[in-house]
Engineer: 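First, the structure itself, so that you have it in front of you.
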Amino acid sequence: MPLLNRKRVIIRCKWDWFVIVLSLLLVAIIVVSYFKLLVSRRVESLSEGAILADLTNEGYILSMLPVMFISIILFATFSKLISYLIPTARVELDKELSLRYFEGYGLKQSMRNNFRILSFFLACFLPLMVLGLNSYFVVSSNGVKLNSLFSLFPKEYNWSQIQTVETATGTGAARSRWVPKYILRMDDNKKINLIDYKLQRFIASYPRLRIYLRDQKHIKYEKNLTDNGIRWLRYNLSKDDFDEVMHILQDTP
């Protein structure tokens, strides 16, 4: 390979890596800001004056997955926009795109297509994100309020409507991951898992939660603690957290 062409390839590779890293950085800033400004603020607003409050598991999934899809389009859009702002890079990419597709097709047309795809994704996914952020539960001194995924209005339960507390070392999303569960089964057979993936938040709120459960003498306690689940918790939690979790899972206020 001639020396001039070799230098050109090296410069092009360095430029490509620069565009990739900068685009990823911009996407990461947007995604982190989304979770900090919207998801975290949403949970904080629900938690005001509550014993425990959080999005449901389905709420987290619906509020997160669309962001992942949109991030892919944002990455492609940002990488082309950065290249477009540099005249020499724009000329090179215009030539490549024209050869790859058809005469006259360049970076500007490609960016326009990306913005159309991004607009389509936003139109499709924004309603799902709103649904996710509006799927939550709140535990307070009055009882439990649950807004399911497709509910127009939240359902409110008082403490006397809790029939059973189910504790388990169930599996999480990954087959090898065992996530403890603390499920309230209501008088309409609705189940509300208070732990999901926010274990530390639940541990901190349990002493107050226990006070209200203790006053309800009719509540039954069902335990499903498997050896595999206990073993996973022992190996993956600190000793203090493991002791706290096992105490909670076996407790019958």
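Reckoned from all heavy atoms, side chains included, excluding hydrogens, waters and symmetry mates.
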Engineer: Kindly write out the residues that satisfy side-chain contact (heavy atoms from CB on, under 4.5 Å) with N158, not counting sequence neighbours, or none if the list is empty.
Structural biologist: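 Counting only residues at least two positions away or on another chain, N158 forms a side-chain contact (heavy atoms from CB on, under 4.5 Å) with S160, Q161.
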Engineer: Let me confirm one number: the OG1-CG distance from T169 to L225, rounded to the nearest 0.5 Å.
Structural biologist: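 Between T169 OG1 and L225 CG, I get 5.5 Å after rounding to 0.5 Å.
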Engineer: So I230 and M246, side chain to side chain contact (heavy atoms under 4.5 Å, CB included) or not? Walk me through it.
Structural biologist: CA-CA 8 Å; I230 294 172; M246 291 308 301; 3.9 Å; yes
Engineer: Please tabulate, one pair per line, all N/O donor-acceptor pairs under 3.5 Å involving side-chain atoms of residues 115-131, not counting sequence neighbours.
Structural biologist:
from, atom 1, to, atom 2, distance (Å)
R116, NH1, N113, OD1, 2.9
S119, OG, F115, O, 2.8

Engineer: Checking S141 now: which residues fulfil side-chain contact (heavy atoms from CB on, under 4.5 Å) with it, not counting sequence neighbours?
Structural biologist: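 Partners of S141 under the side-chain contact (heavy atoms from CB on, under 4.5 Å) test: Y212.
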Engineer: Quick check: are there more than 12 heavy atoms from other residues, nucleotides or ligands sitting under 6.0 Å from CZ of R234?
Structural biologist: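 Not buried by this count: 12 neighbours or fewer within 6.0 Å.
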Engineer: For residues 241-253, pull every pair meeting salt bridge (Lys or Arg N to Asp or Glu O under 4.0 Å), keeping only residues two or more places apart or in separate chains.
Structural biologist: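 Sorted result for residues 241-253: R210-D251, K239-D243.
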Engineer: How far does CG of L213 sit from CG of L184, to the nearest 0.5 angstrom?
Structural biologist: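 Between atom CG of L213 and atom CG of L184 there are 6.5 Å.
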Engineer: I need the Y136 OH to L149 CG distance, nearest 0.5 Å.
Structural biologist: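 Y136 OH to L149 CG: 13.0 Å, rounded to 0.5 Å.
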Engineer: Once rounded to the nearest 0.5 Å, what's the spacing between atom CD1 of I51 and atom CD1 of I211?
Structural biologist: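 Reported value, rounded in 0.5 Å steps: 8.0 Å.
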Engineer: Would you name the heavy atoms of K217 and R214 that are closest together and state the gap between them?
Structural biologist: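 Reported closest heavy-atom pair: NZ-O, 3.3 Å.
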Engineer: Roughly how far, to the nearest 0.5 Å, is the CG atom of L249 from the NZ atom of K223?
Structural biologist: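 One finds 9.5 Å between NZ of K223 and CG of L249.
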Engineer: For L52 and L209: C-alpha separation, side-chain torsions, deciding distance, then whether side chain to side chain contact (heavy atoms under 4.5 Å, CB included) applies.
Structural biologist: CA-CA 8 Å; L52 179 66; L209 175 66; 5.7 Å; no
Engineer: Got a second to check how far T167's OG1 is from N224's CG, nearest 0.5 Å?
Structural biologist: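 With rounding to 0.5 Å, OG1 (T167) is 8.0 Å from CG (N224).
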Engineer: State whether the side chain of T226 and the backbone N or O of G229 hold a donor-acceptor pair below 3.5 Å, judged by distance alone.
Structural biologist: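 Judged by distance alone, yes, a pair lies under 3.5 Å.
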Engineer: With R231, which residues qualify under side chain to side chain donor-acceptor pair (under 3.5 Å), at least two apart?
Structural biologist: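 Here the qualifying residues are N228.
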Engineer: How far apart are the C-alpha atoms of V139 and W159, what are their side-chain angles, what is the distance that settles it, and do they pass the side chain to side chain contact (heavy atoms under 4.5 Å, CB included) test?
Structural biologist: CA-CA 10 Å; V139 182; W159 290 99; 3.7 Å; yes
Engineer: Got a sec, which residues hit side-chain contact (heavy atoms from CB on, under 4.5 Å) with E166, two or more places apart in sequence or on another chain?
Structural biologist: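 By the side-chain contact (heavy atoms from CB on, under 4.5 Å) rule, E166 matches T164, I183, R185, K191, E222.
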Engineer: Is there side-chain contact between F137 and P154, with at least one heavy-atom pair below 4.5 Å?
Structural biologist: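 A side-chain contact is absent here, since even the closest heavy-atom pair is not under 4.5 Å.
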Engineer: Applying side chain to side chain donor-acceptor pair (under 3.5 Å), name anything that partners N147, two or more places apart in sequence or on another chain.
Structural biologist: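 For N147 there are no side chain to side chain donor-acceptor pair (under 3.5 Å) partners, ignoring immediate neighbours.
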Engineer: Could you pull out all residues at least two apart from A53 that satisfy side-chain contact (heavy atoms from CB on, under 4.5 Å)?
Structural biologist: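 Here the qualifying residues are L46, S47, A50, V138.
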Engineer: Of all the heavy-atom pairs spanning L233 and F242, show the shortest one and how long it is.
Structural biologist: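 The pair with the smallest heavy-atom distance is C-CD1, 3.7 Å.
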Engineer: Go through the structure and list residues passing ring-ring contact (aromatic ring centres under 6.0 Å, His included) with Y182, not counting sequence neighbours.
Structural biologist: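 Testing Y182 for ring-ring contact (aromatic ring centres under 6.0 Å, His included), a comparison that skips the adjacent residues, returns F202, Y206.
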Engineer: Applying salt bridge (charged side-chain N to carboxylate O under 4.0 Å, His left out), can you list everything that pairs with K155, at least two apart in sequence or on another chain?
Structural biologist: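 Only D188 meet the salt bridge (charged side-chain N to carboxylate O under 4.0 Å, His left out) criterion with K155.
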Engineer: Ignoring hydrogens, what is the shortest heavy-atom contact between N193 and K181? Give both atom names and the distance.
Structural biologist: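 For N193 versus K181, the nearest heavy atoms are OD1-CA, 3.8 Å.
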Engineer: Would you indicate whether the side-chain heavy atoms of Q163 and D187 approach each other to under 4.5 Å?
Structural biologist: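 Yes, their side chains come closer than 4.5 Å.
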Engineer: Can you name the side chain to side chain donor-acceptor pair (under 3.5 Å) partners of S135, sequence neighbours left out?
Structural biologist: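 Only T56 meet the side chain to side chain donor-acceptor pair (under 3.5 Å) criterion with S135.
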Engineer: Please test I162 against Y157 for side chain to side chain contact (heavy atoms under 4.5 Å, CB included), starting from the C-alpha separation and ending with a verdict.
Structural biologist: CA-CA 8 Å; I162 302 173; Y157 301 91; 5.9 Å; no
